[in-house]
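Encoded as structure tokens, the structure appears first; notes follow it.
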Amino acid sequence: MFSREVCSLFLVTLLLLTVTGTKEEEGSCSADRAKAEESDGSCSADGAGKDGKSCGCGSNALNRDAKLDKKTTKSAAKNEDDSDAVVESEEPEDSRKGMVEIPAGKFRMGTDEPQFPADGEGPSRPVELDGFLMDTMEVSNAQFKDFVDATDYITEAESFGNSFVFFGMMTEAQMEVVNESVAAAPWWYKTPNAYWREPEGIDSNLDDRWDHPVTHVSWNDAVAYCKWRGKRLPTEAEWEYACRGGLENHLFPWGNKLTGKGGVHKTNIWQGEFPTNNTGEDGWMWTAPVDMFEANKYGLKQMTGNVWEWTADYWNTHHKQDLKKNPKGPKKGTDKVKKGGSFLCHKSYCYRYRCEARSQNGVDSAASNLGFRCVADLNKN
Ligand SMILES: *[C@@H]1O[C@H](CO)[C@@H](O)[C@H](O)[C@H]1NC(C)=O
Ligand SMILES: *[C@@H]1O[C@H](CO)[C@@H](O)[C@H](O)[C@H]1NC(C)=O
Ligand SMILES: [Ca+2]
Ligand SMILES: [Ca+2]
């Protein structure tokens with residue numbers, strides 16, 4: 001019921017956003033999507049994240065250009081300048097540590113049995129890819145610190161002076177300084193001074209989280225980091241191919257069953273009732289260290305779950321079915337595709353911890369559950 005109320009709120013917000021040019025498709029707190037989730041009895045409040053999109057409708061609710069707070073948009077330009085100024089300084093051999101080779105091949109991208117048709121999960125279509133190297137794990141806080149130490153890079157969350165934090169992660173003292181929540185997804189708070197190193201704002205730190213994925217990084221920040229390492233973000237096709245680990249038409253990187261023998265968890269998502277009762281049954285309430293859980297057949301960990309991962313591609317939801325070679329997504333767009341779902345996802349409202357699932361965010365948005373990993377071309381070094 002909570003979700004349904006949120007859904008209505010979201011529709012109202014969408015009407016406002018439409019005036020400022022937000023994509024049409026998001027205006028349909030989609031019948032489709034609601035239908036897709038009927039069996040779960042809820043209006044798919046896509047948990048999240050910046051995808052806070054309730055009703056799973058798209059993910060712009062937490063975007064920086066949303067009506068919420070006009071004044072924060074002013075520093076965006078500065079930030080882009082910063083990322084352009086980043087010099088590629090990492091030694092290439094060194095930066096290839098922690099990567100595996102993903103073999104060239106053909107696969108079927110997307111699915112003909114979409115859970116969220118409006119997300120453009122379908123149709124299933126043939127894609128052919130060259131081989132490439134991929135980070136076996138999400139980029140960690142420690143790795144991101146090396147980048148910041150070497151370049152003095154300032155993330156967009158720092159420039160804006162805030163980021164979106166999931167309310168359950170904050171202490172009471174931290175909650176006190178927060179005065180704006182997102183109408184469409186009230187579990188997200190625009191939190192002053194939250195950024196990668198102080199992920200919940202005041203008095204938060206990374207003391208026991210250096211090996212967890214970096215969060216509160218925008219698409220622009222992720223691109224700057226990968227570039228510094230002599231790498232790049234994966235295309236959506238590369239990401240999805242790698243996620244599947246050579247398995248045809250399976251839901252998860254490891255197969256079709258969410259848990260293993262004896263209910264063993266395969267990745268970090270949400271157990272319990274969202275958003276108030278997080279049982280942490282998989283061992284982790286919020287983010288988990290990047291090296292947790294079993295790798296898929298390609299040696300990649302937590303492709304689904306833990307944090308959403310940015311890809312290089314612009315977002316669209318209509319795909320042709322002809323064979324594509326090394327597709328790079330639409331030439332133009334506003335939002336970028338993110339993949340894999342996060343620790344906030346549960347089947348009842350954000351069943352997006354599947355290889356073909358997808359969501360989107362603006363290039364300057366950041367949140368508690370959004371990170372990335374990098375890839376590199378095989379022929380370069
Ligand atoms: C939120 O609180 C801060 C600090 O108390 C204040 O400076 C700011 O104006 C408030 N913002 C809103 C939208 O109320
Ligand atoms: C949270 O969910 C668990 C398992 O469903 C239940 O045992 C527990 O009582 C719930 N806690 C609260 C505070 O509702
Ligand atoms: Ca968990
Ligand atoms: Ca992930």
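Atoms within a ligand are numbered from 1 in the order they appear, just like the ligands themselves. Bear in mind that the values here come from a model prediction, so they are computed numbers and not experimental data.
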N249, CG atom: more than 12 neighbouring heavy atoms under 6.0 Å: no

Pairwise salt bridge (Lys or Arg N to Asp or Glu O under 4.0 Å) hits with a residue in residues 242-260, at least two apart: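 Residue pairs passing salt bridge (Lys or Arg N to Asp or Glu O under 4.0 Å), neighbours aside: E240-R244, R244-E356.
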
Is the [X] ring parallel, tilted or perpendicular to the [Y] ring (thresholds 30°, 60°)?
X: F132; Y: Y241; result: tilted
X: W254; Y: F252; result: parallel
X: W270; Y: F166; result: perpendicular
X: Y189; Y: F167; result: tilted

Within-4.5 Å side-chain heavy-atom neighbours: W286 and N278: yes

Three-point angle W284:O, the Ca ion (ligand 3), D282:OD2, rounded to the nearest 10°: 130°

Within 3.0 Å of the Ca ion (ligand 3), is there any N, O or S atom belonging to [X]?
X: E281; answer: no
X: N268; answer: yes
X: F343; answer: no

W284 ring center near F343 ring center (under 6.0 Å): no

Those protein residues which place at least one heavy atom below 4.0 Å from ligand 2: N277, T279

Test side-chain contact (heavy atoms from CB on, under 4.5 Å) applied to A357 - qualifying residues, sequence neighbours left out: E121, R352, R354

Residue among N369, T215, N268, T287 satisfying side-chain hydrogen bond (donor to acceptor under 3.5 Å, both in side chains) with N306: N268

Check: N361/K338 side-chain N/O donor and acceptor closer than 3.5 Å: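 Distance-only check passes for N361 and K338.
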
The Ca ion (ligand 4): protein N, O or S atoms that are less than 3.0 Å away, sorted by chain: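 Listed by chain and number: E138 OE2, Q302 O, G305 O, V307 O, E309 OE2.
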
